[in-house]
Amino acid sequence: MAFIGLDAEKYDRKYNDIDLFKRIYKYFRIYKRKIMIVVLLLTIASLIESFLPILITLALNSLQTGLNTQYLVTIIIISLFFNASSFIINYFQQINISKAIGNVILDIRKEANDSILEHDLSFFDKNPSGKIVSRINTDSQEFGRALELFMEVLSSVFIVIFYTFIMFFLNLFLSLIFMIMIPAFFIVAILFMKAARRRTLLGQRATASVNAFVKETYSGIQIAKTFSQEKKLFNRFDQVNQQSYKVNLKRAFLLNTIFPSLGFIQAFVLTLIIYFGGISFFEGSIPIGSLNLFIQGSWLLTFPIFSIASFWPQLQAGLASAERIFSLIDTNPKVIQIDNIKPKNFKGKIEFKDLTFEYEDNKKVFENFSLSIEPGESIAIVGHTGAGKSSLANLITRFYEFQSGDILVDGLSIRKYDLSEYRKKIGIISQTPFLWGDTIENNIRYCCKNASETDILDSLEKTGGSEWIDDLPNGLETNIRERGTLLSMGQRQLIVLARVLLENPSILILDEATASIDPFTETKIQEALEKVIKNRTSIIIAHRLSTIRHVDRIVVLKKGKIVEEGNHQFLMSKGGLYAKLYNTYFRHQSYEYLEKIKELK
Amino acid sequence: MSNLKRSNNNTKVEFSIENDPFINFRDKSPSRWILAHILNGSNKTNICIVLITTIIAAMLSSTLMIIVGETINDLLLGKESALLINILLILIIGIGAPLMRIGNFMLREVIAQRIERDTRKEFYLNLLGKSQSFHDQQKIGDLMARTTNDVRMLNYLISPALSLIIESFTSLIIPLGYIVIFYPPELVIIPLIFIFTFIVALRDYIKKIGPITEKLRGDFGEMNIVLNESISGITLIKSTVQEAREKHKYLMTIKGYRDAFVEQGKVQAKYVPILLLALMNTVSLAHAIILFLNNSMTIGQIIGYLGLLSEFRFPTFISFFVFAIIKLAGAGAKRLLELMNKKTEIDENLEGESRKIIGNIEFENVSFYYPGFKNRVLQNISFKIKQGQTLAIVGTTGSGKTTLTKLITRLYDVSEGRILIDNIDIRKYILKSLRSQVSYIEQDVFLFSNSIIDNISFGKKASFEEVRNAAILAQAHDFISSLPKSYDSEIGERGIQLSGGERQRIALARAFLVNPRILILDDSTSAIDSKTEDEIQKAINKIEENRTTIIITHRLSQIRWADLIIVLKSGKVVAQGTHEYLIENSPEYRKIFIKKFDLEEDKLITRSGRK
C-alpha cells in the first residue's frame, strides 16, 4: 500500500545486544540496592502466589478423604495471612520499582539533554529538533519501562517454575501434558509479535502521514483562506485520514486475536488435563484436590507464560529505544578545546591563518584562507551567497570546527581558550534572530541575569529609541509569543541588537538578516550599529550592503577567497566585484533604473 | 439544512460542508458529544452485537466453570461413562468463548477506529472554518496535540476502556447469577460484599490517581516545550553561554515529572481491590467448606464456585488503568470541544453578494484592534483607489501595513468604519466570492511540501500549459526548468530548498493562475544579484497590469511609480499622495529617501522626483 508522503525511516542497529545490556545495566546499577530489594520481594511474592493453590488442594483433599476441622481452620488462617502479606510485599515492591524507574528515566534524560547542549551546530544540522525531542522525552520512557518489563518477566518465571515444580511433584504424567501449553504459547507469541510489529509500523506511518499533513495545513491556513481552497485541503485530509483508519483497523484486528488464540490453546489443554486427570483419578493415582491444581493451573499460568513468551520481542522494542538515545549521547563533538585558558578582556586582534574548512566532506568552504583584523577595527564581509561569509562567523564563535590552519584571537589559538569564557567575550547576532516566548524585557536580559531595568532601557535607547515598544499592549512586559511572532522582522532585530548591547562584548559579529527591513527601521539599525562598532573589533557579514559604508575595511569574498579589500571609496573607484555588487544592490534605487523599470517587461 | 445550522449559536464559520451530523452536540457536555459519536450511523447495530457477544462470552465462561465442577462431581461419584461427554462439552464451550470474543473485539475496534477518524475529521473541518485571528492565537504544537493525541484518546475510550468496563460488568454480574441459580444462594453474600467494597475502594483510588495522572501529562507537555525551545535557540544559548541555565530549566521539569511518577507508583501500590479479591477468595472458600460440612454442597460445586469467583480477577486488575483512560479521554474531548466552540467572527455569508469585482477600493474611516486588546492597530484610515491602479504602502516596522492589507481579504474584519469594493461593503460579499477575486501574497511565502506544479495550481485546477504560462509570466519558468525534476520537484524538507526570491515568484505564478481582480503583495525580499532583481521587477510589473494592486514594499522602484502612496506611522496615515507630491510635502516620506540617498553620491531620487 502506498503511503502519502511517508516512507520508513531507515534505522540501522549500531550496537550489539551485549554492549547494549552492559550499558543499560550501568544506569540501573546506581539503584542496585532498590532493585535487589525488589527482586527479593518479588521472589517471595511469587512463592506465595504459587503456594496459595496448594492450600486449596490440601483443603479439597482433606474434604475428600476425611474431615479434620482444625486442619481446615489452619489452612484458612494461613491463607488469609499469606494474602495479606502478599499485598504488603507488593506494596513495597511497587514503591521501590517506581522510584528506581523514575530516577533512571530522570538520569538518562538529564544526560541526554546535557550532552546535546554541548554538541556543536553540525549536530543540529543533522538531527531535526522533533527527532531529538522524541528521543529524549519519549524513548527514555520506553527505556525505563524495560525495567518494569524485566521485573514482570522475572516474577512470571518464578511463578511458572514454582508452580511446575509443584505439579511435577504431584503427578508427572499430567505435568507433561500440561507442558504442551508452553511451546504452544511461544509459537503464538512469536508469530503474532512478528505480524503485529509490521502492522504497527504501517499503522504508525499512516498516523504520521495524517499528522504531517495536518501540521502543514495548519501552518498554511492563511493561504487556504486567501485562495478559498479549504475544500481542497479537506478532501486531501479526508483521504489520508481514511487511509489511516483502514490501516489502523487492520492492525487492531490482528492484535485483538492474540488473546482469543491463547484461549483456544487453554481450552485444549484443559480438556486434555481433565480427560487424562479423570482417568488417573479412576485409577486412584491422583486425589481430587491435586487434579484441581492442574485445572487451576491452566488459568493461573496463562499470563505468566505469555509474558515470558513475548518478553524477547517486547524487549527488542525497548532496546531500540535505548539505542536511539545512546546514539544521540554518543555523537562525538567535533569542536574540541585543547586547553582552558580564561581570557580577561580581549583587545580584539583576530587572525585567520591558512584556514581550511568544510561542512561536509570534500566540499571545501575555505582553503588556505588568511585574514588579519586589528583590535578595534570594524570590517565588513561582502560577497555572493555561498562565498563563505556566514561560515566565518560560525568559525570564530566555535560553532563549527575547522580542519586545518588556525584562528588566533589576541595571538592565541581559539582552541586554547576556555570555551564559555571565550564566548562570553564575543557577541553574535545571527542571521535569523531567535527570541523566547517570553516578555521583551526577559528576552533582552537573557545574557545577563542581573541587568537592571535601567540597563535594559539604556540598551534599547541605543538601538534608536523604544517608542515602538510603548505601542505594544504591555510595553516591555509584552509576551512576544513563540519565537517572537508577535513582532515584525525588523522589531525582532532591534530586540536582538539590544540584547547584544547589554552583553557589551569585546568582539562583535553581526550576521545580517537577508530579509530586508522597512527603510525607517533600517535607518535606525544603521545608526545604532555605527555607535556599537566604535572601539570594538566588529565583523559585519553584510547581506544587504546598506550597513557597511562606515566600516574601516570591506573584505570581498568569492568562493572562500578574498578577491578585494579596502574601504568603500577605494573599492568603488576600483570598479571590481564590490562595485558591481554594490551597484546591483542599490540599482533599484537609482534614477536610471527607475526610468528603465517602466519598460521592463 | 440551513435552519439546522443556524440552530446552534456557534456556527459562524468560514468554511463548512453539507453534512455535519454532530453540529448540535458540540455545545452540549463532552460526554453527550462523545455519545453522539458512539451512536452515529451503523454503530448502533455494532454496539448491540458487541453487548450481546460480551454477555454470551461471559455466560460461556461461567458455564465452563459449572461444568468443570460437575465433571469433578461425576468423577467423585465414579461415573466413568460421563467423562467423555463432559470433556467434549468443556472443549466446545472452551473454544466457543474465545470465538465470541474475536467477533466482539473486531466490532468494538470498528467503532473505536471510526470515532477516531470521525472526530478528527470534525475537528479538522471545524478548524478550517475558523477565522485567521483565531489561528493567529494558536500554537501549532498545541493544535497538533489535539488533532493527534486527544482524538486518539477517544479511540482508546471505546477500545479498550468502555469495552472493558462492559466486560467487567458482565463478568461481575453473570457469575453472581450463576451462583444463585446453581449453588446454595447464600454463597452470593461474600462476593456481594466484595463487589460493594471493591466499588468503594475503586472510587477512592480514582480520586487519588486522577490529579497525579493529570500532572504527569502536564509535566510531559512542559518537557517538550522546554526542550523544543532550547533546541530552536541553540545558537543564542551557545553564544551567550547559557547552557547551564537551559540544563537547569530542563532538569527542573524532568524532576517534576519524576516526582509525579513516583507519586503515581505509590498510589498504585496501594490499590486495595487486589487485597479485597484475595481476602474474598479465602473467606468464600471457608464459607463453601462450612456449607460442605453441612452437606449442602459437593466438592465439585466448591471447585465450580471457586472457578466462578476467579472471573472477578479480570475486573479487579483492569479497572486499574481503565479509569485513567476514561479520564484522559474526557479531558481530551473537553479540549477538542473547547477549541471547536470558540467563537469566530467571520461567516461564510452564503446569501451574500457574488458579483464580479471590477477593482475600486475605498477605506472609510477604518480602525482595527485585535480582539481583547485596547490599542488600535489602525486608526481612522481613509483612502480610495480606482480599478487598475497601484497603491504603495510604506511605513515603519509595526506601523500596521500588513494588518491593513489583511482587512481587505477579511482575514480580519474591521473594528470600525468600512471597506468598500466597487462601492459595496466587503462584508456583504459571499466570503468565497470575495477571496477568490482578491489574491494575497504574504511576506513569508508559504509553500506546501508538494511539487512545484501543485503549489502553483493551488488556487485553481489547471492544465500543465496554464501552469507553465503562469510561471513564465511570473519569471519563474527559467529557474523551475533548470531543476532536475522541473515542475515536479518537491519543495520542502525532503525536497529542494528555494530562495526567498524564488518562493516569491512561485507565489506570483500562483496568483497569475487565479487571475484575481485585486492583488495584494507584501513584498519584502531583497535580491542581491541583478538578474533576480530584474526578474522580480518584471513579474511585478506584469502582474500590476490590468488589475488593482496594493503593494507593501521598500523597493523605491515600486513606490516611485505607484498611483497612490500612503505613509503609515503607528497605525495612522500621516501622508498620502503621489511620489512628487509627497517629496514636496511630507517630511516623513522624505526621511526615508534622504537616508537612502546619503549613500548614493550622485543619483538621488529626490532629484528625479523633482524632474
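Below, each value reflects all heavy atoms present in this structure, side chains not excepted, and no hydrogens, waters or symmetry copies. Chain A is the first sequence line, chain B the second, and so forth, proteins listed ahead of strands; every chain is numbered from 1.
- In this structure a side-chain-to-backbone donor-acceptor pair under 3.5 Å is present from His135(B) to Leu127(B).
- Closest of all the heavy-atom pairs between Leu435(A) and Arg499(A) is CD2-NH1, 4.0 Å.
- In this structure, the portion of Glu503(A) lying under 4.5 Å from any heavy atom of chain B is its side chain and not its backbone.
- Top candidate by heavy-atom pairs under 4.5 Å with chain B, chosen from Lys215(A), Gln266(A), Lys424(A), is Lys215(A).
- Between Asp238(A) and Lys121(B) there is a salt bridge, with a side-chain nitrogen of the basic residue lying less than 4.0 Å from a carboxylate oxygen of the acidic one.
- Contact annotation for Arg510(B): both backbone and side-chain heavy atoms come within less than 4.5 Å of a heavy atom of chain A.
- With a 4.5 angstrom heavy-atom cutoff, Leu233(A) touches chain B via backbone and side-chain atoms both.
- Ile105(A) has its side chain out of reach of Lys110(A): every pair of non-hydrogen atoms, C-beta onward, lies at least 4.5 Å apart.
- Interface remark: Phe92(A) contributes no atoms to any contact with chain B (heavy atom separation under 4.5 Å).
- For Thr235(B), the parts lying under 4.5 angstrom from a heavy atom of chain A are both the backbone and the side chain.
- With a 4.5 Å cut-off on non-hydrogen atoms, Leu143(B) touches chain A through its backbone and its side chain both.
- The part of Phe15(B) that comes within reach of chain A is its side chain, from C-beta onward, which places non-hydrogen atoms under 4.5 angstrom from that chain.
- In this structure, chain B has heavy atoms under 4.5 Å from both the backbone and the side chain of Phe253(A).
- In terms of non-hydrogen atom pairs under 4.5 Å with chain B, the most contact-rich of Ser219(A), Gly263(A), Gly427(A), Ala224(A) is Ser219(A).
- For a residue to count as touching a neighbouring chain, one of its non-hydrogen atoms must lie under 4.5 Å from one of that chain's; by this rule Ile295(A) touches chain B with the side chain only.
- With Tyr245(A) as the aromatic partner, Arg120(B) does not meet the cation-pi criteria of under 6.0 angstrom to the ring centre and within 45 degrees of the ring axis.
- Using a 4.5 Å cut-off between heavy atoms, Phe82(A) makes no contact with chain B at all.
- You'll find the side chain of Arg423(A) reaches within 4.5 Å of the side chain of Glu243(B), heavy atoms only.
- If you measure heavy-atom distances from Ser131(B) to chain A, the contacts under 4.5 Å come from the backbone alone.
- Using a 4.5 Å cut-off between heavy atoms, Glu442(B) touches chain A through its side chain atoms alone.
- For a residue to count as touching a neighbouring chain, one of its non-hydrogen atoms must lie under 4.5 Å from one of that chain's; by this rule Gln93(A) does not touch chain B.
- Ranked by non-hydrogen atom pairs under 4.5 Å with chain B, the options Ile509(A), Ile95(A), Leu106(A), Leu487(A) are led by Leu106(A).
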Q: Show the numbers, then the answer: is there a side-chain contact (heavy atoms from CB on, under 4.5 Å) between Tyr218(A) and Thr147(B)?
A: CA-CA 11 Å; Tyr218(A) 284 156; Thr147(B) 325; 3.0 Å; yes
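- Both the backbone and the side chain of Glu118(A) come within contact range of chain B, each with at least one heavy atom under 4.5 Å from a heavy atom of that chain.
- Proximity to chain A (any heavy atom under 4.5 Å) is shown, for Leu128(B), by both the backbone and the side chain.
- Within the 4.5 angstrom heavy-atom criterion, only side-chain atoms of Leu306(B), from C-beta onward, approach chain A.
- The pair Arg258(B)-Glu263(B) does not count as a salt bridge, with every side-chain nitrogen at least 4.0 angstrom from each carboxylate oxygen.
- Highest contact tally toward chain A, considering only Met100(B), Glu246(B), Arg245(B), Arg101(B), is held by Arg245(B) [criterion: heavy-atom pairs under 4.5 Å].
- In this pair, Tyr257(B) and Phe261(B) present their aromatic rings parallel. The plane angle is below 30°, not in the 30 to 60° band.
- Within 6.0 Å of the OH atom in Tyr275(A), the count of heavy atoms belonging to other residues, nucleotides or ligands does not exceed 12.
- Only the side chain of Val210(A) comes within contact range of chain B, with at least one heavy atom under 4.5 Å from a heavy atom of that chain.
- The residue among Gln264(B), Lys266(B), Lys255(B), Lys270(B) with the most heavy atom pairs within less than 4.5 Å of chain A is Lys270(B).
- For a residue to count as touching a neighbouring chain, one of its non-hydrogen atoms must lie under 4.5 Å from one of that chain's; by this rule Leu411(B) touches chain A with the side chain only.
- Only the side chain of Arg152(B) comes within less than 4.5 Å of a heavy atom of chain A; its backbone N, CA, C and O stay farther away.
- In this structure, the portions of Ile279(A) lying under 4.5 Å from any heavy atom of chain B include both its backbone and its side chain.
- Side-chain contact check for Tyr250(B) and Asn137(A): at least one donor-acceptor pair (N or O, by modelled atom type) lies under 3.5 Å.
- At a 4.5 Å heavy-atom cutoff, the contact between Leu99(B) and chain A is made by backbone and side-chain atoms alike.
- The candidate with the highest count of non-hydrogen atom pairs below 4.5 Å against chain B, out of Ser79(A), Ala59(A), Cys448(A), is Ser79(A).
- Counting only distance, with no hydrogens or angles, the side chain of Arg117(B) and the backbone of Gln242(A) share no donor-acceptor pair below 3.5 Å.
- Interface remark: Ser261(A) contributes no atoms to any contact with chain B (heavy atom separation under 4.5 Å).
- Interface remark: Phe281(A) contributes side-chain atoms only to the contact with chain B (heavy atom separation under 4.5 Å).
- Contact between Pro98(B) and Pro260(A) at its shortest, heavy atoms only, is CB-O, 3.3 Å.
- For a residue to count as touching a neighbouring chain, one of its non-hydrogen atoms must lie under 4.5 Å from one of that chain's; by this rule Leu291(A) touches chain B with the side chain only.
- Looking only at heavy-atom pairs under 4.5 Å with chain A, the residue among Leu88(B), Asn281(B), Leu236(B) that has the most is Leu236(B).
- For chain A, the option among Gly459(B), Gly265(B), Gly94(B) with the highest count of heavy-atom pairs below 4.5 Å is Gly459(B).
- In this structure, chain A has a heavy atom under 4.5 Å from the backbone of Val438(B), while its side chain stays farther away.
- For the 3.5 Å distance criterion, the side chains of Gln296(A) and Asn292(A) qualify, holding a donor opposite an acceptor.
- For Lys406(B), the NZ atom counts as densely surrounded, since its 6.0 Å shell holds more than 12 non-hydrogen atoms of other residues, nucleotides or ligands.
- Using a 4.5 Å cut-off between heavy atoms, Phe234(A) contacts chain B through both its backbone and its side chain.
- The local environment of NZ in Lys232(A) is crowded, with over 12 non-hydrogen atoms from other residues, nucleotides or ligands closer than 6.0 Å.
- Using a 4.5 Å cut-off between heavy atoms, Ile93(B) makes no contact with chain A at all.
- Contacts with chain B were tallied for Thr397(A), Val214(A), Ile428(A); Val214(A) has the most, counting heavy-atom pairs under 4.5 Å.
- There is no side-chain donor-acceptor pair under 3.5 Å between Asn211(A) and Thr148(B).
- Remark: the backbone N or O of Ser420(A) is not paired with any side-chain donor or acceptor of Lys238(B) at under 3.5 angstrom.
- Under the side-chain hydrogen bond (donor to acceptor under 3.5 Å, both in side chains) criterion, Thr257(A) pairs with no residue, sequence neighbours left out.
- If you tally non-hydrogen atom pairs under 4.5 Å between each of Phe227(A), Phe264(A), Phe237(A) and chain B, the highest count goes to Phe237(A).
- At distances below 3.5 Å, at least one donor-acceptor pair connects side-chain atoms of Thr271(A) with backbone N or O atoms of Ala267(A).
- When atom types are taken as modelled, the side chain of Ser159(B) and the backbone of Asn155(B) share no donor-acceptor pair closer than 3.5 angstrom.
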